Peer 1: 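Following this message is one structure expressed as structure tokens.
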Amino acid sequence: TGHHWGYGEANGPAEWHKGYPIAQGSRQSPIDIVPGSAVYDASLSPISLFYNNCTSVNITNNGHSVVVEFVDIDDRSVIQGGPLDNMYRLKQFHFHWGGKGCGGSEHTVSGKIYPSELHLVHWNAVKYKSFGEAAAASDGLAVLGIFLEIGIEHKGLHQITDAMYMVKFKGTVADFKGFNPKCLLPLSLDFWTYPGSLTTPPLFESVTWIVLKDPMFLSEKQMGKFRTLNFNGEEEESRRRMENNFRPPQPLKGRTVRASFR
Ligand SMILES: NS(=O)(=O)c1ccc(C(=O)N2CCCN(Cc3ccccc3)CC2)cc1
Ligand SMILES: [Zn+2]
């Protein structure tokens with residue numbers, strides 16, 4: 001139960017390389033996306049999201065983020081197209097966010113940080129037998145990143161923010177059935193894509209990142225509900241508000257970011 005990683009002064013992103021040397025690897029995430037340097041690739045097909053039969057199972061606070069998990073025993077909810085050679089199965093989605101009035105996204109766009117970022121995590125069930133196995137393989141995961149911007153309230157997000165009181169503390173889980181994340185998508189599926197990594201330990205370099213150009217919008221009130229979550233467990237005396245649970249941009253190290261749009 002040694003020194004566990006987190007987002008604090010002593011255990012935050014600047015320290016992770018001590019326990020996870022790959023933190024200084026050649027394809028780490030997130031990155032700062034510079035649209036002017038992205039290469040338009042006409043061969044990128046549109047991404048397709050087949051979430052219609054998706055089956056959410058529960059919502060949980062894992063001490064790092066709030067996570068909605070899905071049944072991933074078959075191809076009922078998958079992403080395909082874009083840079084992907086296979087279909088990838090939806091496993092979970094979660095968020096990263098900042099303190100009140102602060103940025104909290106992981107990817108940035110020409111240095112612009114958004115209040116939050118949603119990650120829809122998928123794994124290559126064509127080539128690998130489990131999420132854990134895929135998470136350790138260079139083409140094992142595909143994460144769809146969607147920026148969140150403060151604006152008009154988001155009707156689809158209420159189901160998630162209304163469930164947060166049930167998972168206030170680390171290690172809490174609640175039933176969360178019948179949620180379809182298709183409602184969280186912005187109008188345009190224009191995207192940037194690049195080879196990267198998990199943005200939390202173990203930081204495996206196994207992620208094909210697909211980051212949407214357009215944000216989804218939510219109200220400041222809805223964003224505030226994320227900040228009612230705690231990093232700590234209910235039994236801990238130190239109450240630590242869950243916010244600023246984001247890794248800052250990492251060196252590009254010669255990678256090319258491709259764009260699906262001009
Ligand atoms: N921010 S993100 O890059 O989108 C992101 C995506 C997935 C996870 C995730 O589900 N994790 C982390 C790593 C994988 N482990 C399983 C494991 C497999 C092999 C050896 C140890 C742990 C599950 C927990 C975390 C972050
Ligand atoms: Zn994430």
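We count residues from 1, following the sequence as given. Nothing here was measured: the structure is a model prediction, and the numbers come from that model. Ligands are counted one by one from 1 in listed order, and the atoms in each one are counted from 1 as well.
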Peer 1: I'd like to know whether ligand 1 has Pro202 as a neighbour, heavy-atom separation below 4.0 Å.
Peer 2: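 For ligand 1, residue contact (heavy atoms, under 4.0 Å) with Pro202 is present.
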Peer 1: Using 30° and 60° as the class limits, which term best fits the ring planes of Tyr194 and Trp209: parallel, tilted or perpendicular?
Peer 2: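 It falls in the parallel class, under 30°.
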Peer 1: Under a 4.0 Å heavy-atom limit, does Trp123 contact ligand 1 with its side chain, its backbone, both, or neither?
Peer 2: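 For Trp123, there is no contact with ligand 1 at all, from either part.
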Peer 1: For Tyr128 and Asp139, does a side-chain donor sit closer than 3.5 Å to a side-chain acceptor?
Peer 2: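 Short answer, yes.
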Peer 1: Atom 8 (C) of ligand 1: which protein heavy atom is closest, and how many Å away?
Peer 2: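 Going by distance alone, atom 8 (C) of ligand 1 is nearest to Gln92 NE2, 3.9 Å.
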Peer 1: Hey, what's the ring geometry for His122 with Tyr51, parallel, tilted or perpendicular (30° and 60° as the breaks)?
Peer 2: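 Ring orientation of His122 relative to Tyr51: parallel.
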Peer 1: Report, in ascending order of atom number, the atoms of ligand 1 lying under 4.0 Å from any heavy atom of Trp209.
Peer 2: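 Within the 4.0 Å cut-off of Trp209, ligand 1 contributes 3 (O), 4 (O).
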Peer 1: When the ring planes of Phe231 and Tyr7 are compared, do they come out parallel, tilted or perpendicular, using 30° and 60° as the limits?
Peer 2: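 Rings of Phe231 and Tyr7: parallel, as their planes differ by under 30°.
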Peer 1: Among all protein heavy atoms, pick out the one at the shortest distance from atom 24 (C) of ligand 1; state its residue, atom name and that distance to 0.1 Å.
Peer 2: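 Checking every protein heavy atom, the shortest distance to atom 24 (C) of ligand 1 gives Phe131 CE2, 4.7 Å.
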Peer 1: Salt bridge or not for Arg227 and Glu220, using N-O below 4.0 Å?
Peer 2: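 Yes, Arg227 and Glu220 are salt-bridged.
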Peer 1: Determine which of the N, O or S atoms in His119 is closest to the Zn ion (ligand 2) and give its atom name.
Peer 2: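 Nearest N/O/S atom: ND1.
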Peer 1: Would you kindly specify which portion of His96 sits under 4.0 Å from ligand 1, judged on non-hydrogen atoms: side chain, backbone, both or neither?
Peer 2: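 Answer for His96: side chain.
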Peer 1: Hey, is CZ on Phe261 packed in by over 12 heavy atoms from elsewhere, all under 6.0 Å?
Peer 2: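 Enclosed: over 12 neighbouring heavy atoms sit under 6.0 Å from CZ of Phe261.
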Peer 1: Assign the ring pair Phe176 / Phe179 to parallel, tilted or perpendicular, where the plane angle (0 to 90°) is split at 30° and 60°.
Peer 2: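 Because their plane-to-plane angle lies in the 30° to 60° range, the rings of Phe176 and Phe179 count as tilted.
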Peer 1: For Lys100, does the NZ atom have more than 12 heavy-atom neighbours from other residues, nucleotides or ligands under 6.0 Å away?
Peer 2: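 12 or below, so no.
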Peer 1: Pick, from Pro201, Ala135, Ser206, the option with the minimum heavy-atom distance to atom 12 (C) of ligand 1.
Peer 2: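 Heavy atom nearest to atom 12 (C) of ligand 1 belongs to Pro201.
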Peer 1: If you measure every N/O of Thr200 against every N/O of ligand 1, is any gap under 3.5 Å?
Peer 2: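 Between Thr200 and ligand 1, no N or O pair is found under 3.5 Å apart.
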Peer 1: Does even one non-hydrogen atom of Lys91 get within less than 4.0 Å of ligand 1?
Peer 2: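 No, Lys91 has no heavy atom closer than 4.0 Å to ligand 1.
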Peer 1: Angle subtended at the Zn ion (ligand 2) by NE2 of His94 and NE2 of His96, to 10 degrees?
Peer 2: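 NE2 of His94 and NE2 of His96 make an angle of 100° at the Zn ion (ligand 2), to the nearest 10°.
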Peer 1: For ligand 1, is any non-hydrogen atom under 4.0 Å from Thr199's backbone (N, CA, C, O), its side chain (CB onward), both, or neither?
Peer 2: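 The answer is both.
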Peer 1: Near Asp85 CG, under 6.0 Å, is it more than 12 heavy atoms from other residues, nucleotides or ligands?
Peer 2: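 No, the 6.0 Å shell around CG holds no more than 12 heavy atoms from other groups.
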Peer 1: Compute the minimum heavy-atom distance from Val207 to ligand 1 and say whether it is under 4.0 Å.
Peer 2: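 Judged by the 4.0 Å heavy-atom criterion, Val207 does not count as contacting ligand 1.
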Peer 1: Heavy-atom pairs closer than 4.0 Å: do any link ligand 1 to the side chain of Leu198, the backbone, both, or neither?
Peer 2: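 Both backbone and side chain.
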Peer 1: Where is the nearest protein heavy atom to atom 19 (C) of ligand 1: which residue, which atom, and how far?
Peer 2: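 The answer is Phe204 CE1, 3.6 Å.
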Peer 1: Would you say His64 touches ligand 1, if touching means a heavy atom closer than 4.0 Å?
Peer 2: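 Not so, His64 does not reach ligand 1.
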Peer 1: Given the protein's heavy atoms, is any one of them under 4.0 Å from atom 17 (C) of ligand 1?
Peer 2: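 Within 4.0 Å of atom 17 (C) of ligand 1, no protein heavy atoms are found.
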Peer 1: Do any N or O atoms from the side chain of Arg262 and from the backbone of Tyr40 form a donor-acceptor pair under 3.5 angstrom?
Peer 2: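 Looks like no, no N/O pair under 3.5 Å.
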Peer 1: Between Asp32 and Thr108, do the side chains contain a donor N or O and an acceptor N or O under 3.5 Å apart?
Peer 2: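 Yes, Asp32 and Thr108 have a side-chain donor paired with an acceptor closer than 3.5 Å.
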